[in-house]
J.: 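Dropping a structure here in structure tokens format, bear with me for questions.
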Amino acid sequence: MSVRVRFAPSPTGPLHIGGVRTALYNYLFAKKHQGDFILRIEDTDQNRLVQGAEQYIIEALKWLNIEPNEGVGFGDGPYFPYRQSDRKNSYAQYAEQLIRNGFAYYAFDSEQELEALKNAIPNFKYDAVTRMQGKNSLTLSTQEVEQRIANKEAYVIRIKIPEDEIVRFADEIRGNVLVNTTQMDDKVLLKSDGMPTYHLANVCDDHIMKITHVIRGEEWLPSAPLHVLLYRFLGWEETMPKFAHLPLLLKPDGNGKLSKRDGDRLGFPVFPLEWTDPKTNEISSGYKQQGYLPEAVINMLAFLGWNPGTEQEFFSEEELINAFSLEHIHKAGAKFDFEKAKWFNAEYIKLLSNEKLADLVKEKINNLFGQQDANYLANAMALIKERLTFLNDVEHFSYLFKSIEKYESSSIEKINKIKDALDIQKLENLLNALPTESSSIEIALKEFANQNQLKIGDFMKFLRVSLVGELSGPAIPDLILLLGKEETTKRIKNCFIQL
RNA sequence: GGCCCGUUCGUCUAGGGGUUAGGACAGGAGAUUUUCAUUCUUCAAACAGGGGUUCGAUUCCCCUACGGGCUACCA
């Protein structure tokens, strides 16, 4: 049987980086086994839908190149539709089937009645010992139940959890997990608005869509026994998917799982793409807009909870697919490491060709500094590639694209004394006759300094401040080569005058 | 509170009955460089605690502590 896995987010907001990792692991697992990766939108809670969230999920997966081969936004497959609200009608019949077979029941308890029960009974849960105190088809006569339904009275359908049984299943990551049904409660399967809850919808759809492995976050572990029971009661236990519950992504500091707030608080993105909340207009930053490369994000995320078992740390997507396995997933939660994310990104930028890098930043550069020649831009990238942590860092290198507007004051102090010793006319002559190869230029500059009794360090500092505006940056000869004789001469004269 | 899951350097992790407990990020020191960055070398840094089992436990078992998750007509 071929592997089929799904990523099933709920469109209640932008896709969180933890969700992205879940999607990634599903994707890698599917590709590794030549299986299918499905995107299913779990929008059974109509109250929590957020405008634009579904589209965001689709775009985020596209940017990261973890594209499903079936599902909402990625072309229909054989189990269309892939949005649960569009499958609404199919769930009630399964809930009814459970009732017919004695595995579920109607419940008419109002919100207030439930509240009263909670107040009256410490640690109340709707279960084998308390369900006989509720208003449901177990306590009401058949006639009354029919009457209430005929009267269109609101009701939910609850699962009837067995009284005292051990439910067990083998988690692919955690091994055997067992729970006694006395710990479980009669969860609502079908809500009063006719929508299924996650539990019912998820089990039905996974069965119908022939999902073979459910790979999801650890927050689902406690409800896995409920799902196992549902498969059993629905008669699908034979083909029940395997479960793999992933460790959670935790806050970098302190405790708890990573949340949207942590990004704002600690200054790193928790979302792949920038997101504007449609209600509050609040903007949350995205990896893309911050200048991350999708390959770096993927590589970084892959290593948060998984390892290849070797010391290799850079993986192309193809290598990731080959190396991936559920056995190498760590059991404990992983604190998100922002420093490591930055490092991965810087490394991936270094791996880029000058042309590719130029291509990625040209829009930003052109907006900031005016239209640049493609060739020039690529040459400029060669000089700063190893200085970039993010693509956006190119904005700090204005001196490559326009003349120096102001010199850093502390740098000026350090080169003041050179003015008396330097013959600017001689220097201009030198520049006019400069070689066209970096190391030769360096030799020529050093000779010039020697011949004119200039300390090489002072001379270089002067050149640097002239060309850059401050005392840091790429090698002087490379800078001269990039800027060209004319611009170089202009900047040096300018600086000399202003000193 | 109850239930479930977890615990190796600050962080991500490898390992697994006998190892100098390995790597990476971050940090320190040094080399290279006119500067910064890069690169290279190098240093420091961990098996939560207590009981077992065993000739031997970081590794297996139990307990405790700590951390996390769940406990909705949310997913």
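Since this is a predicted model, take the numbers as computed values, not measurements. Letters go in sequence order (proteins before strands), and every chain restarts at 1. We use all heavy atoms of the structure for the numbers below, so side chains are in, but hydrogens, waters and symmetry mates are not.
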J.: Is there a side-chain contact between H330(A) and the phosphate of rA14(B), meaning an N or O under 4.0 Å from OP1 or OP2?
T.: yes

J.: So, taking the atom named NZ in K342(A) and the one named CG in D337(A), what distance separates them when rounded to the nearest 0.5 Å?
T.: 10.0 Å

J.: Answer with base, sugar-phosphate or nothing: what part of the nucleic acid does S472(A) contact at a heavy-atom distance below 4.0 Å?
T.: base

J.: Starting at atom CD of E219(A), determine the distance to atom P of rG6(B), rounded to an integer number of angstrom.
T.: 16 Å

J.: Think R158(A) has a side-chain N or O under 4.0 angstrom from the OP1 or OP2 of rC73(B)?
T.: yes

J.: Compare the minimum distances between each of rU11(B), rU39(B), rU35(B) and the side chain of K335(A), then state the nucleotide with the smallest one.
T.: rU11(B)

J.: Let's see if you can work this out: which of rC74(B), rC25(B), rU34(B) has an atom nearest to the side-chain heavy atoms of I476(A)?
T.: rU34(B)

J.: Quick one, D206(A) and Y231(A) - any side-chain contact, counting heavy atoms below 4.5 Å?
T.: yes

J.: Can you check the distance between rG67(B) and rA26(B), where both ends of the measurement are the C1' atom (answer in whole Å)?
T.: 23 Å

J.: For the side chain of K446(A), starting at C-beta, report the closest nucleotide among rU39(B), rC12(B), rU34(B).
T.: rU34(B)

J.: As a test of reading the structure: which of rU34(B), rU71(B), rA24(B) is closest to the side chain of K187(A), going by heavy atoms?
T.: rU71(B)

J.: At under 4.0 Å between heavy atoms, what does P474(A) touch on the DNA or RNA strands: base, sugar-phosphate, or nothing?
T.: base

J.: Can we call the ring centroids of Y287(A) and F271(A) under 6.0 Å apart?
T.: no

J.: Ignoring backbone atoms, establish whether T44(A) has a side-chain N or O less than 4.0 Å from OP1 or OP2 of rA75(B).
T.: yes

J.: Under 4.0 Å, heavy atoms only, any strand: does P11(A) hit a base, just the sugar-phosphate, or nothing?
T.: nothing

J.: What is the distance from CG of D127(A) to P of rC3(B), rounded to the nearest Å?
T.: 14 Å

J.: On RNA chain B, compare the nucleotides closest to E339(A) and W220(A); which residue's is nearer the 5' end?
T.: E339(A)

J.: What residues, two or more places apart in sequence or in another chain, satisfy side chain to side chain donor-acceptor pair (under 3.5 Å) together with K191(A)?
T.: none

J.: Using Watson-Crick or G-U wobble geometry with both distances under 3.5 Å, which nucleotide pairs with rG27(B)?
T.: rC43(B)

J.: Less than 6.0 Å separating the ring centroids of W306(A) and Y25(A)?
T.: no

J.: Quick one: K257(A) NZ to rG69(B) C1', roughly how many Å, whole number?
T.: 7 Å

J.: Could you measure between the two C1' atoms, the one in rU32(B) and the one in rA46(B), and give it in whole Å?
T.: 33 Å

J.: To the nearest 0.5 Å, what is the distance between CG on L471(A) and OH on Y407(A)?
T.: 12.5 Å

J.: Let me know, please, whether F336(A) or K118(A) comes out on the 5' side of the other along RNA chain B by nearest nucleotide.
T.: F336(A)

J.: Is there a donor and acceptor pair closer than 3.5 Å between the side chain of R174(A) and the base of rC5(B)?
T.: no

J.: Measuring only the P atom in each nucleotide, how far is rC4(B) from rC47(B)? A whole number of Å is fine.
T.: 29 Å

J.: Return no unless some side-chain N or O of N123(A) is found under 4.0 Å from OP1 or OP2 of rG1(B).
T.: no

J.: Between rC25(B), rA14(B), rC74(B), which nucleotide gets closest to the side-chain atoms of T197(A)?
T.: rC74(B)

J.: Does C495(A) reach the side chain of F462(A), with side-chain heavy atoms less than 4.5 Å apart?
T.: yes

J.: Remember a base hit wins even if backbone is also touched, and classify E442(A) as base, sugar-phosphate or nothing at under 4.0 Å, heavy atoms.
T.: sugar-phosphate

J.: Tell me the interatomic distance from Q84(A), atom CD, to rC74(B), atom C1', rounded to whole angstroms.
T.: 13 Å

J.: Aromatic contact between W343(A) and F314(A), with the criterion being ring centroids under 6.0 Å apart: yes or no?
T.: yes

J.: Using a 4.0 Å heavy-atom cut-off across all strands, classify L471(A) as base, sugar-phosphate, or nothing.
T.: base

J.: Can you tell me, in whole Å, how much space there is between the C1' of rC9(B) and that of rC5(B)?
T.: 24 Å

J.: Flag the pair F336(A) / F268(A) as yes when their ring centroid distance falls below 6.0 Å, and as no otherwise.
T.: yes

J.: Within this structure, what is the CD-to-C1' distance between E386(A) and rU35(B), rounded to whole angstrom?
T.: 13 Å

J.: Scan A475(A) against the nucleic acid and name what it touches under 4.0 Å (heavy atoms): base, sugar-phosphate only, or nothing.
T.: base

J.: Applying a 3.5 Å limit to both distances, which nucleotide forms a Watson-Crick or G-U wobble pair with rA37(B)?
T.: none

J.: Taking the minimum atom-to-atom distance to the side chain of K340(A), which one of rC4(B), rG23(B), rA24(B) wins?
T.: rA24(B)

J.: For rG1(B), give the paired nucleotide (Watson-Crick: N1-N3 plus N6-O4 or O6-N4; G-U: N1-O2 and O6-N3; both under 3.5 Å), or none.
T.: rU71(B)

J.: What nucleic acid atoms does Y198(A) come within less than 4.0 Å of, heavy atoms only: base, sugar-phosphate, or nothing?
T.: base

J.: Under 4.0 Å, counting only non-hydrogen atoms across every strand here, what does D109(A) touch: a base, just sugar-phosphate, or nothing?
T.: base

J.: Could you tell me how far apart Q312(A) (CD) and rA24(B) (P) are, to the nearest whole angstrom?
T.: 14 Å

J.: What is the distance from CG of L383(A) to P of rU38(B), rounded to the nearest Å?
T.: 16 Å

J.: I'd like the C1' distance from rA44(B) over to rA29(B), given in whole Å.
T.: 10 Å

J.: Is K350(A) touching bases, backbone alone, or none of the nucleic acid, heavy atoms closer than 4.0 Å?
T.: sugar-phosphate

J.: If you only use heavy atoms from C-beta on, which nucleotide in rC73(B), rU39(B), rC3(B) is closest to the side chain of L114(A)?
T.: rC73(B)

J.: Under 3.5 Å for both donor-acceptor distances, Watson-Crick or wobble: does rU7(B) have a partner, and if so which one?
T.: rA65(B)

J.: Which nucleotide in the set rA75(B), rU34(B), rU39(B) lies at the smallest distance from any side-chain heavy atom of R48(A)?
T.: rA75(B)

J.: What nucleic acid atoms does G256(A) come within less than 4.0 Å of, heavy atoms only: base, sugar-phosphate, or nothing?
T.: sugar-phosphate

J.: Identify which nucleotide among rU35(B), rC12(B), rC74(B) has an atom closest to any side-chain atom of D45(A), counting heavy atoms from C-beta outward.
T.: rC74(B)

J.: Which part of the nucleic acid, if any, lies within contact of G217(A), taking any heavy atom under 4.0 Å across all strands shown: a base, the sugar-phosphate backbone alone, or nothing?
T.: nothing

J.: Taking CZ from R216(A) and P from rC5(B), how many angstroms apart are they, rounded to a whole number?
T.: 15 Å

J.: Where the side chain of A332(A) is concerned, which of rG22(B), rU7(B), rU71(B) is the nearest nucleotide?
T.: rU7(B)

J.: Measuring only the C1' atom in each nucleotide, how far is rA57(B) from rC62(B)? A whole number of Å is fine.
T.: 15 Å

J.: Is there a Watson-Crick or G-U wobble partner for rU20(B) with both distances under 3.5 Å, and if so, which one is it?
T.: none

J.: Please tell me if the side chains of T489(A) and I492(A) come closer than 4.5 Å, counting only heavy atoms from C-beta onward.
T.: no

J.: What integer number of Å spans the P atoms of rU8(B) and rG15(B)?
T.: 14 Å

J.: Determine the Euclidean distance between corresponding C1' atoms of rA45(B) and rG27(B); express it in Å to zero decimal places.
T.: 10 Å

